[in-house]
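Below: one structure, written as structure tokens.
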Number of protein chains: 2
Amino acid sequence: MTRDAVRAQIAAVAIDLFAEHGFDQVTVEQIATASGISARSFHRYFPAKEDAVIGDTTVWAELVRDTLDQRPTDESPWESLRAAFGELLARSDGDRDRQRRTMRVLSSTPSLRARNLEKHLMWARMFAPIVEERLDGDHVELRAQALVQSALVCFDLALTTWADSQDDTSPVDYLALAFATVGPR
Amino acid sequence: MTRDAVRAQIAAVAIDLFAEHGFDQVTVEQIATASGISARSFHRYFPAKEDAVIGDTTVWAELVRDTLDQRPTDESPWESLRAAFGELLARSDGDRDRQRRTMRVLSSTPSLRARNLEKHLMWARMFAPIVEERLDGDHVELRAQALVQSALVCFDLALTTWADSQDDTSPVDYLALAFATVGPR
DNA sequence: ACGCATATGTCAGTCTCTGACACTTACGGC
DNA sequence: GCCGTAAGTGTCAGAGACTGACATATGCGT
């Protein structure tokens, strides 16, 4: 079994336990035992307990960054951002049910939500320079950050709304709605 | 000495230590010793080490909530949010230098930023209902959250930009700039 | 079979945070 | 002034996350 496969397997076990008992009520020891490994090995796959839920998102971030970069320059930055995150939602394939369960655990645990937003700040540092180049005038750095971080908030909101909803509205629809509400015209 | 005064005193000691050695390099034990108390007592004043930097912000949150609530209903929600956060910036009096140093520590430590974002989510839950009432149409909950959380992002960005800047531009100016960049017209 | 790199378990230790208990201090009623 | 209560503090023990060090096992190419 490849290293990534083992990681995914442990994450799956962890998320199931979190969903049932709550993030804080489950110890690393329990996850490790349920996965047939030692607690020390768990920490070799995940630097922190939270990472079993959040995981490594650099691949996705790069996808968004590249999509954003390839958007036409005459398009408004806000529309480019919407398209880039829409592309991510469209491309993130896999077990929809598992994704939803993961998002549910994530959105219902304050410390996990915070950690996730923290990861989004890393994304913002990746995306901001691209937006910055497409802005004119003063304080482009601040303005680019404001746009990117607001976009990330909308993205996060679309995902959590989708995860907590019963019906099967697509996350892309929630994304469009959030972007339309906030963004500049 | 009142309880709040003691708390502020310990927080001041802690922030100075964090600013000099970095948040992770300073133990609770060291803060306690430098403050002339035991580590156990430190945790009686602050539930977590991070709270010595972030502190209790419910008073400020209530100020923003009340300001927001008293804004005219025919004003656009985005403008009301801008005014409410502007009011907070105008009213938060005290040692500007200390505030700036606190913000610098906060914005340069990942775990602190995460904790701060967690606090913002609490604020969002407080403000969203007010905005929600002033929206028409579908999905008001999602749209209110999108507006409020984007406003919080702008607020946070204004503060960090101010803290990291050399010149003495007012945070209110950065706030206006960020709001003008993102908000709907 | 051998050598090597990778993966794992065990152990010891640090640090944050909590509960329990004992002790001191401050204060209001008598 | 004396006493009972309440609030604040220190000490101790312990859980839980995480790290470094060391030894062992496992797989793989030669």
Side-chain angles (χ1 to χ4, degrees), chain A residues 1-56 105-106 108-116 118-119, chain B residues 1-56 105-106 108-119 122:
Chain A
M1 245 214 298
T2 164
R3 184 172 175 82
D4 278 350
V6 176
R7 209 198 312 267
Q9 178 59 38
I10 300 171
V13 171
I15 287 167
D16 284 346
L17 286 173
F18 293 155
E20 189 175 1
H21 304 104
F23 183 79
D24 296 323
Q25 265 55 61
V26 179
T27 69
V28 169
E29 191 68 43
Q30 291 174 307
I31 304 168
T33 304
S35 306
I37 60 173
S38 70
R40 188 65 183 88
S41 277
F42 174 90
H43 278 113
R44 284 196 254 258
Y45 285 103
F46 304 100
K49 187 179 160 189
E50 287 116 350
D51 293 318
V53 181
I54 296 177
D56 189 6
V105 171
L106 204 158
S108 64
T109 312
S111 75
L112 278 176
R113 282 202 80 157
R115 225 9 121 181
N116 194 43
E118 170 67 21
K119 196 143 268 182
Chain B
M1 238 206 313
T2 165
R3 184 171 175 83
D4 278 349
V6 177
R7 206 197 314 265
Q9 177 61 38
I10 300 171
V13 170
I15 287 167
D16 285 345
L17 286 173
F18 293 155
E20 190 176 0
H21 304 106
F23 182 80
D24 296 324
Q25 265 53 59
V26 180
T27 67
V28 170
E29 190 68 43
Q30 291 174 307
I31 304 169
T33 305
S35 306
I37 60 172
S38 71
R40 189 63 183 89
S41 276
F42 173 90
H43 279 112
R44 284 197 252 258
Y45 284 102
F46 304 99
K49 187 180 163 190
E50 287 110 347
D51 293 320
V53 181
I54 295 177
D56 189 6
V105 171
L106 202 157
S108 63
T109 311
S111 76
L112 279 176
R113 291 203 74 154
R115 226 8 126 116
N116 196 43
L117 294 173
E118 196 175 333
K119 181 195 71 187
M122 278 184 46

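Just so we're on the same page: letters track the sequence lines, and every chain starts at 1.
Rounded to whole Å, the distance from CG on A:Asp4 to P on C:dA7 is 11 Å. Atom CD of A:Gln9 and atom P of C:dA7 are 17 Å apart (whole Å). Across the protein-nucleic acid pair, B:Gln25 atom CD and C:dT16 atom C1' stand 15 Å apart, rounded to whole Å. Computed from coordinates, the A:His43 NE2 to C:dA12 P distance equals 19 Å when rounded to whole Å. Nucleotide D:dG16 holds its P atom 15 Å from the CG atom of A:Leu17, rounded to whole Å. In this structure, NZ of A:Lys49 is placed 14 Å from P of C:dC17, rounded to the nearest angstrom. Following rounding to the nearest Å, B:Phe42 (CZ) and C:dT16 (C1') show an atom-to-atom distance of 10 Å. If you take CZ of B:Arg3 and P of D:dA6, they are 17 Å apart, rounded to a whole angstrom.
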| query | Given the rule in the side chain to side chain contact (heavy atoms under 4.5 Å, CB included) test, do A:Tyr45 and A:Gln9 qualify, once you have shown the distances and angles that lead to the verdict? | reply | CA-CA 11 Å; A:Tyr45 285 103; A:Gln9 178 59 38; over 6 Å; no

| query | Please walk me through it: do A:Glu29 and A:Phe42 pass side chain to side chain contact (heavy atoms under 4.5 Å, CB included)? | reply | CA-CA 9 Å; A:Glu29 191 68 43; A:Phe42 174 90; over 6 Å; no

| query | Does the side chain to side chain donor-acceptor pair (under 3.5 Å) test come out yes or no for A:Lys119 and A:Asn116, once each step is laid out? | reply | CA-CA 5 Å; A:Lys119 196 143 268 182; A:Asn116 194 43; over 6 Å; no

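Each of A:Arg44 and A:Asp24 has a nearest nucleotide on DNA chain D; the 5'-most of these lies closest to A:Asp24.
Among the atoms of the strands shown, none is found under 4.0 Å from any heavy atom of B:Ala39. Within the nucleic acid shown, A:Tyr45 comes within 4.0 Å of sugar-phosphate atoms alone, with no base atom in reach, counting heavy atoms only. Residue contacts for A:Val6: at a heavy-atom cut-off of 4.0 Å it reaches no nucleic acid atom on any strand shown.
Of the candidates D:dG16, D:dG8, C:dT16, the closest approach to any side-chain atom of B:Val28 belongs to C:dT16. Of the candidate nucleotides C:dC15, D:dC18, C:dC17, C:dC15 has the atom nearest to the side chain of B:Thr27. Ranking D:dG10, C:dG9, D:dA17 by closeness to the A:Ile37 side chain, first place goes to C:dG9.
Checked by distance alone, A:Arg40 brings a side-chain donor or acceptor within 3.5 Å of a matching partner on the base of D:dG20.
Side-chain N/O atoms of A:Ser38 include none lying less than 4.0 angstrom from OP1 or OP2 on C:dT8.
In this structure, the side chain of B:Ser108 engages the main chain of B:Val105 through a donor-acceptor pair within 3.5 Å. In terms of modelled atom types and a separation under 3.5 Å, the side chain of A:Asp16 and the main chain of A:Val13 share no donor-acceptor contact.
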